[in-house]
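Written out below as structure tokens is the structure these notes cover.
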Amino acid sequence: MSEYPFKSIEARWQEFWQKNKTFRTPEKPDMSRPKYYVLDMFPYPSGVGLHVGHPLGYIATDILARYKRMKGFNVLHPMGFDAFGLPAEQFAVEHGVHPRVTTETNIANMLRQLKAIGLSYDWDRVLATTDEDYYRWTQWIFVQLYNSYYDAEEETARPIAELISRLEGSDSEFAAMSPKEKDNVLAGYRLAYIAEVPVNWCPGLGTVLANEEVTNEGKSERGNYPVYKRGLRQWMLRITAYADRLERDLEDVDWPESVKIMQRNWVGRSEGAHVDFRVPESDDIIRVFTTRPDTLFGATYMVLAPEHPLVDILTTTGQQEAISAYQAKVAGRSDRERMIDAKEKTGVFTGGYAVNPANGERIPIWIADYVLMGYGTGAIMAVPGQDNRDWEFAEVFNLPIIRTVQPSEGYDGKAFTGNGPAINSGFLNGLEIDEAKSTMISWLENQKKGEGTVTYRLRDWLFSRQRYWGEPFPVLHGEDGIIETVAESELPVTLPPMEDFRPESSDDPDAPPRPPLSRAPESWRIISIDGKTFERELNTMPQWAGSCWYYLRFIDNKNDQCLVDPDLEKYWMSGGGVDLYIGGVEHAVLHLLYARFWHKVLFDLGYVSTREPFGRLFNQGYIQAYAYRDSRGIAVDASAVVDQDGRPAVEVQDHKNRIYFYEGAEVTQEYGKMGKSLKNAVGPDEINERYGCDTLRLYEMYLGPLDASKPWNTRDIVGVNRFLRRVWRNFVHEENDTSLVADIEASPELMGALHKTIDRVSSDMERMSFNTAIAALIEFTSKLVGEDRIPRTIAEPFLLLLAPLAPHMAEELWSRIGNKESLAYAPWPVADPILLQSDEIKIAVQVNGKVRASIQVPVDAPKEDVFVLARANPDVDRHISGKTSVRDIYVPGRIVNLVVR
RNA sequence: GCCCGAGUGGCGGAACUGGUAGACGCAUGCGACUCAAAAUCGUAUGUCCAUAGGACGUGGGGGUUCGAGUCCCCCCUCGGGUACCA
């Protein structure tokens, strides 16, 4: 008896592919052939290894890579690791193990797991963002950003040197400045610059925290230290310069419409006006941005963000206490929490007033947390008549409401946001909104009280981190405050060896940050060039940096002269960039926007040939699983959670009336994306061991459509395993292990079924509908069960169809029926159109839209004949006899509908 | 809060362009093989009423249409993102 020996088969073929470098993409490909660049979003090499959610996308891209090879494409299908980042650093802080060691161990383990799934990556192109010869070029790109500015007129990045020589020549004031002053001016232009921005500062940990690392009580997730909002000098990247292009060029890419919409909303272009409100008896001006300058006459009060710099000046002595208390309350909350609670309107009157520039009225100035410092100017004019949030605020605090747009007839709601003529608005009265806007903008401009403007929700990219395990900035700070970038020949600036990776903590919330690199040996920190002393930048880059351009490095990963060879770049990126990029929709905005931004800069500077990096994007769904949170709202390791009877949560999670505990403390259950955030990962190794990776591959694809999220449940896995065992029995004799494939003629029925299967599987491959492709193969396999011998003309095409999905079994059977070569590059079968045709088709007959019968008709039967046949059917006749015919409908090849009364 | 998705039998899902809802798989029932079990093969399986047959049915409510899982409006629930998790 030979039961499907998956272990030996899978080991043999994985070794074969590795030894023969079957899937290696030549460094110099034959460029006369079409190319297909299929890319996965690369993983973080976590300590727990791959979870079953990762391979969902990887198996899909692998199937396509294998399919495209069989279709004659040069395929580039690489894999790498986004290996800088917090967990390795955190582990280092806690256990004293260098992040490099942890990272290398984790990568080795994940490589083993990836290879064990039979993924056809070009293993010679594996890279990690932590490789010195990779981050050398990440730093190089940073230098390009620093040394460039955005020419808004020409809409392109240019070398800053061009701007300097222009200013030196035409601007005498600039020419006369000291180097330090010039630096300050240029910082206003560079694509990389330093600015002070508000952050969640945790002095106890000596670092900035993400919103998710801050608990509801304003404490740090780790260590429970207090967290403060404070300004910090940070590296920023001027992504806002590209806002328009990032929005506009979405038109040219084949991405899910929802992702494009999210990116457009994230960029958040809005047209409107800046309006200046004067503060009486002072020189202070409060500038606001509004999308509705036409409603200025209805601005009855102003609201500033609690952190707005003018608040302290405007606040009267009587209000001082209330204002400070409110500011303190708000400071401990994240922007997100402020927005979630936005329905509950809170705020405090500053005691100060401003003058409405349209009508000269004195209006009160409030502070409230629904106005965020990070958007617009951090101040708004409140127009309750036309804005819901303002209306609600005005109701709570008894502020005046003036309608300045005539609501439509019968309108009895609160704020009116629809169209209508202006009222109570002086010179605007009677004008429709669009006209009123432009009239008001010209008036403001004439009066020097404001101007028309476009703003974006998008903010510049905060690019520095107070961490060790990231790319060092190739930046030197001179004693005189002058900044210099490290010479290209000196790159990479490698991380110094260290034993203590903690940033310096402090009890003083205002103490300057001392990131881990401040503990680096002086020999690293301080360098001397031409007699001048410099200190290295002590911050590092965020994890986003390395993932911003890895798709380019895969094209030419060994190049030590430039980041990518131009000819290779042109070939692999032709046709609009990466041909297919698969990853989770969680990257819809940040990663994809950052990568597009860098790509556009590289395009402007002439290093890449396409405007966009990723021509086609596809989001795979999530594998979801139960997760658990403790009383502070922090996710705990799901595998260590037990119920009240001490049973592991994974065994009872579907049961009702369970209470869950983690280390003795009660936790709450929720359901969501499998991964590190929710700490609910399940690995693929166990399934591999028990059923083999061809089963795992098929199972993950058979779970449902690729873009749908679905729960992880191993119960159904036997189904696809039975399918593979059935295929094996069809091809290999159970007793003597010999091939059952023979050079005999196939029946016309079987041949017809095969070609319909070829047709179905081929179109399913094209539209990435792998679950239905597998269903088609299962159906066809059932038809083979009764056959003693499988005709070769059936067997070979069938194995080729199976090959991308279950490559180990396909290769094994392919070789057992006498083929000497791997099928990895064998041509994909083509369905014979003649065998797909049939003379008769089945048509459903409806009466008044309800199906009553189905009839066989010739494919080309004329309408009238079909109606006659339909009426002749007894099941139809029963429903139409005695009734008047109103209308007969025939959709050829699909349906008959007889409408009667 | 704001932005983006999803919701179809007991379960995972199919139905690609408005045209027979439930392909395929799991689970379950029955049968064959077997001393027996496993494996395998065959067969049935949306719900309700029932004799032929019929009514209902794609999260809920309304609408458009000869015909709606699919299009439009309102609502509910769940998931993703919300800028330092990536």
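To find a chain, count down the sequence lines: A is the first, B the second, and so on, and within it residues start at 1.
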Nucleotide of [options] approaching [X] most closely (side-chain heavy atoms):
X: A/Y594; options: B/G79, B/C84, B/C11; result: B/C84
X: A/N897; options: B/C26, B/C66, B/A14; result: B/C66
X: A/L678; options: B/C84, B/G80, B/G19; result: B/G80
X: A/Q466; options: B/G80, B/C84, B/G13; result: B/C84
X: A/P711; options: B/G12, B/A21, B/U17; result: B/G12
X: A/R894; options: B/G53, B/G25, B/U17; result: B/U17
X: A/Y671; options: B/G19, B/C4, B/G79; result: B/G79
X: A/R722; options: B/U20, B/G42, B/C26; result: B/C26
X: A/I261; options: B/G19, B/C4, B/A15; result: B/C4
X: A/S854; options: B/G13, B/G19, B/U20; result: B/U20

Using a cut-off of 4.0 Å on non-hydrogen atoms, how would the nucleic acid contact of [X] be classed: base, sugar-phosphate, or nothing?
X: A/P705; value: sugar-phosphate
X: A/K842; value: base
X: A/R852; value: sugar-phosphate

Query - Watson-Crick and G-U pairing of RNA chain B, under 3.5 Å, as dot-bracket with | and [ ] - result: (((((((..(((......[....))).(((((.......))))).((((...))))..(((((..]....))))))))))))....
**Report entry** Anti or syn - B/G31, cut at 90° from 0
**Finding:** anti
**Report entry** Most 5' of A/R760 and A/G672 on RNA chain B, judged by nearest nucleotide
**Finding:** A/R760
Report task. State, to 0.1 Å, how close A/R901 and A/K883 come at their nearest heavy-atom pair, and which atoms those are. Result -> O-CB, 3.3 Å
Requested in this report: Check A/P203 against A/W201 and note the closest heavy-atom contact, atom names and distance.
Outcome: CD-O, 3.4 Å
Query raised in the report: For atom P, what is the distance between B/A14 and B/C24, given to the nearest Å?
Result: 14 Å
**Report entry** Parallel, tilted or perpendicular: rings of A/Y550 and A/F42 (30°, 60°)
**Finding:** parallel
Requested in this report: Could you label the plane-to-plane angle of the A/H587 and A/H591 rings as parallel, tilted or perpendicular, counting under 30° as parallel and over 60° as perpendicular?
Outcome: perpendicular
Query raised in the report: Do A/Y702 side-chain and B/C24 base share a donor-acceptor contact under 3.5 Å?
Result: yes
Query raised in the report: Can you find a donor-acceptor pair, distance only, under 3.5 Å between A/Q234 side chain and B/C84 base?
Result: yes
Whole angstrom is fine here: how far is it from [atom1] in [X] over to [atom2] in [N]?
X: A/R878; N: B/G54; atom1: CZ; atom2: C1'; value: 9 Å
X: A/D888; N: B/G67; atom1: CG; atom2: C1'; value: 14 Å
X: A/N200; N: B/C84; atom1: CG; atom2: P; value: 10 Å
X: A/N713; N: B/A27; atom1: CG; atom2: C1'; value: 11 Å
X: A/N771; N: B/C16; atom1: CG; atom2: P; value: 13 Å
X: A/I895; N: B/G18; atom1: CD1; atom2: P; value: 15 Å

**Report entry** A/Y135 ring center near A/F84 ring center (under 6.0 Å)
**Finding:** yes
Query - Interatomic spacing from OG1 in A/T757 to CG in A/L802 - rounded to 0.5 Å - result: 12.0 Å
Requested in this report: Examine distances only and state if a side-chain atom of A/K710 and a backbone atom of A/P705 form a donor-acceptor pair shorter than 3.5 Å.
Outcome: yes
Report task. Dump the intermediate steps for side chain to side chain contact (heavy atoms under 4.5 Å, CB included) on A/W544 and A/L593, then the final yes or no. Result -> CA-CA 10 Å; A/W544 303 113; A/L593 207 61; over 6 Å; no
